[in-house]
A.B. asks: 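Sharing a structure below in structure tokens format, with a few things to ask.
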Amino acid sequence: MPGMFGGFEQGGGVTACCCRPFPLGSLVLGAVIQNMVMSFRVSDLQMLLGFVGRSKSGLKHELVTRALQLVQFDCSPEVFKKIKELYETRYAKKSSEAAQPQPQQHRSPEALSIHSAYERGSSVARTSISTPNIDYPALYGKYLNGLGRLPPKVVKPEVRLVKLPFYTTLDELLKPTELVPQNNEKLQESPCIFALTPRQVELIRNSRELQPGVKSVQVVLRICYTDTSAPQEDQYPPNIAVKVNHSYCSVPGYYPSNKPGVEPKRPCRPINLTHLMYLSAATNRITVTWGNYGKSYSVGLYLVRQMTSAELLQRLKTIGIKHPELCKALVKEKLRLDPDSEIATTGVRVSLICPLVKMRLSVPCRAETCAHLQCFDAVFYLQMNEKKPTWMCPVCDKPAPYDQLIIDGLLSKILTECEDADEIEYLVDGSWCPIRAEKERSCSPQCPILVLGSSDVNGLLPTPNGNGENGKATADVVDLTLDSSSSEEEEEEDEEEDDDDDGPQPKRRCSYEKGLVSAC
């Protein structure tokens, strides 16, 4: 017979509970009642638990645990009568199968004595139970010594998914659950059935549309590696396909790779299932088809609200602006003299042009984890991550997640005060100055410019052989504004017309100046 208060046993696989001892007067009585429960079959345990309205599902050791807890904490006279009835029925069946004329002789003596003792009180129970045929300390001593108590509940770490800036979780419909292969086939299917509550249905129906047919409140499926060491990013298994009720849901495809020898990457993001679900009390069936190639994956279902880049920008402007004085202190810290350095830094230049789009900054932004002072434009940065989420700083190419972004209040102030420069320089005292001088010098003319068509060209040009102010020969100047070629062309046209009238004329030889040779 299995142990009475035992925990998880390696051999029998039965779980028992010993969370609270019985009163001293009924300790042995309770032990015998538990002994009867431990001898029950699965059908008997289900009948007992169903009698008191408790769950009847589970393995045998789970049913035994519930039944023993019932005996210890809720053993009313009605429960005791039901246990006695099931116990007697079980032994009555055994005796009938053995064809014994007197089946009551095979009934356990402690069962008869318990019934009478229970009706007469616990004081009688102490004498009537103590029969020489039952050695309780030898049979149950190790459990009575406290070794039969349930071990402390071990909390298994759960798989966690990283938070996504563009998705605000409203409800968790299914916690991350591991995809377990059912056979040795490479292609596996894992079904899931659930139903939405009326409140969740209303949230979806009343939400605004981000685009035609796409609601802002959605039911999304997220898949990741089964790893409890840290929050996991979305990661699709090979050969993934998602079927919602009777239709397949589209899964993001692969990005083409422009580099030779580099495999195309697939953007792993939440899969929107809302448009294929029943927005009612009806149950929805989701089937995930996946490739079983050794790695373990987990899936979760969430009710989320999808945000736009404009909403994230507004939130960043509300809570993410860093005060100009704090930014000024950071500049001083960057330019502070380092005694270990042989080079003294007197200033640092910062461009007012966004490195992403090569346009002037409108909302200067950077991550607090970045070591540089250069900013990028928050508007374009959020828009790019809305299309293809990478969250990498375009300046230093290091992670710049949304929750680490700040708006530089000092540079925002500079942008409003300095509208005619594209670059500034921070000084050691935290002040700044625009950088325009080099640009102006590069644009200034090195020699006077001759404006064609001006009065100097028309009437004040020196003669080709004349001397300048210093007696030096001046360069020949050609007036390109005179249309000399047009008059020659007109004369040639007139001559051609005359030639046509008189008949064909011999070709004229071109006269060349002395010293010139024809290329013909």
Side-chain angles (χ1 to χ4, degrees), residues 53-58 158-180 188-224 226 231-237 240-253 266-290 297-315 318 382 385-387 389 402-403:
R54 299 197 179 184
S55 174
K56 301 184 293 183
S57 61
E158 297 180 350
V159 176
R160 295 168 296 160
L161 286 148
V162 295
K163 293 183 179 180
L164 300 178
F166 287 100
Y167 294 89
T168 302
T169 302
L170 304 178
D171 280 326
E172 188 178 53
L173 306 178
L174 174 67
K175 289 186 177 182
T177 306
E178 184 177 359
L179 294 174
V180 181
Q188 300 285 329
E189 285 190 355
S190 299
C192 170
I193 299 176
F194 73 100
L196 296 172
T197 65
R199 182 187 68 87
Q200 294 167 347
V201 173
E202 286 300 315
L203 283 175
I204 297 174
R205 287 180 173 174
N206 297 333
S207 63
R208 62 187 179 88
E209 285 191 348
L210 300 176
Q211 50 184 291
V214 179
K215 293 283 189 177
S216 59
V217 177
Q218 307 167 359
V219 176
V220 298
L221 177 73
R222 298 187 66 183
I223 309 177
C224 67
T226 304
Q232 298 296 303
E233 295 184 353
D234 293 67
Q235 186 66 47
Y236 296 158
I240 181 176
V242 180
K243 187 177 182 181
V244 182
N245 295 321
H246 303 289
S247 304
Y248 280 96
C249 183
S250 60
V251 179
R266 168 178 255 171
C268 297
R269 60 182 64 185
I271 303 173
N272 185 11
L273 313 177
T274 315
H275 59 290
L276 298 176
M277 294 180 57
Y278 301 132
L279 296 182
S280 62
T283 58
N284 294 275
R285 181 183 179 88
I286 298 174
T287 304
V288 179
T289 305
W290 52 285
Y297 295 86
S298 295
V299 298
L301 282 172
Y302 301 90
L303 184 71
V304 300
R305 185 186 303 276
Q306 185 175 358
M307 313 289 286
T308 63
S309 58
E311 291 172 327
L312 290 189
L313 178 63
Q314 186 60 38
R315 182 190 298 177
T318 304
L382 293 175
N385 281 280
E386 186 178 18
K387 300 296 182 184
Y402 177 77
D403 55 358

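Starting from 1, each residue takes its place in the sequence as its number.
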A.B. asks: Taking C-beta and beyond as the side chain, do Thr168 and Met307 meet within less than 4.5 Å on heavy atoms?
C.D. replies: yes

A.B. asks: Would you check if Leu312 and Asn385 make a side-chain contact, meaning some heavy-atom pair closer than 4.5 Å?
C.D. replies: no

A.B. asks: Checking side-chain hydrogen bond (donor to acceptor under 3.5 Å, both in side chains) between Gln218 and each of Gln306, Arg305, His275, which is the one that passes?
C.D. replies: Gln306

A.B. asks: As an exercise, state the distance from CD of Gln314 to OG1 of Thr308, rounded to the nearest 0.5 Å.
C.D. replies: 10.5 Å

A.B. asks: Do Tyr402 and Arg315 come within less than 4.5 Å of each other through their side chains, counting heavy atoms only?
C.D. replies: yes

A.B. asks: Might you work through the side-chain contact (heavy atoms from CB on, under 4.5 Å) test for Asn245 and Leu276, ending with a clear yes or no?
C.D. replies: CA-CA 7 Å; Asn245 295 321; Leu276 298 176; 5.7 Å; no

A.B. asks: Check for a donor-acceptor pair, side chain of Arg269 on one end and backbone N or O of Pro252 on the other, with a separation under 3.5 Å.
C.D. replies: no

A.B. asks: Output yes when Arg199 and Asp171 qualify as a salt bridge under the 4.0 Å nitrogen-oxygen rule, no when they do not.
C.D. replies: yes

A.B. asks: Between atom OG of Ser309 and atom CD of Glu386, what is the distance when rounded to the nearest 0.5 Å?
C.D. replies: 4.0 Å

A.B. asks: For the OG atom of Ser190 and the CD atom of Glu178, what is their distance to the nearest 0.5 Å?
C.D. replies: 10.0 Å

A.B. asks: For Phe194, I'd like to know if atom CZ has over 12 heavy atoms of other residues, nucleotides or ligands within 6.0 Å.
C.D. replies: yes

A.B. asks: Only one of Val251, Asp234, Ile240 passes side-chain contact (heavy atoms from CB on, under 4.5 Å) with Ile223; say which it is.
C.D. replies: Ile240

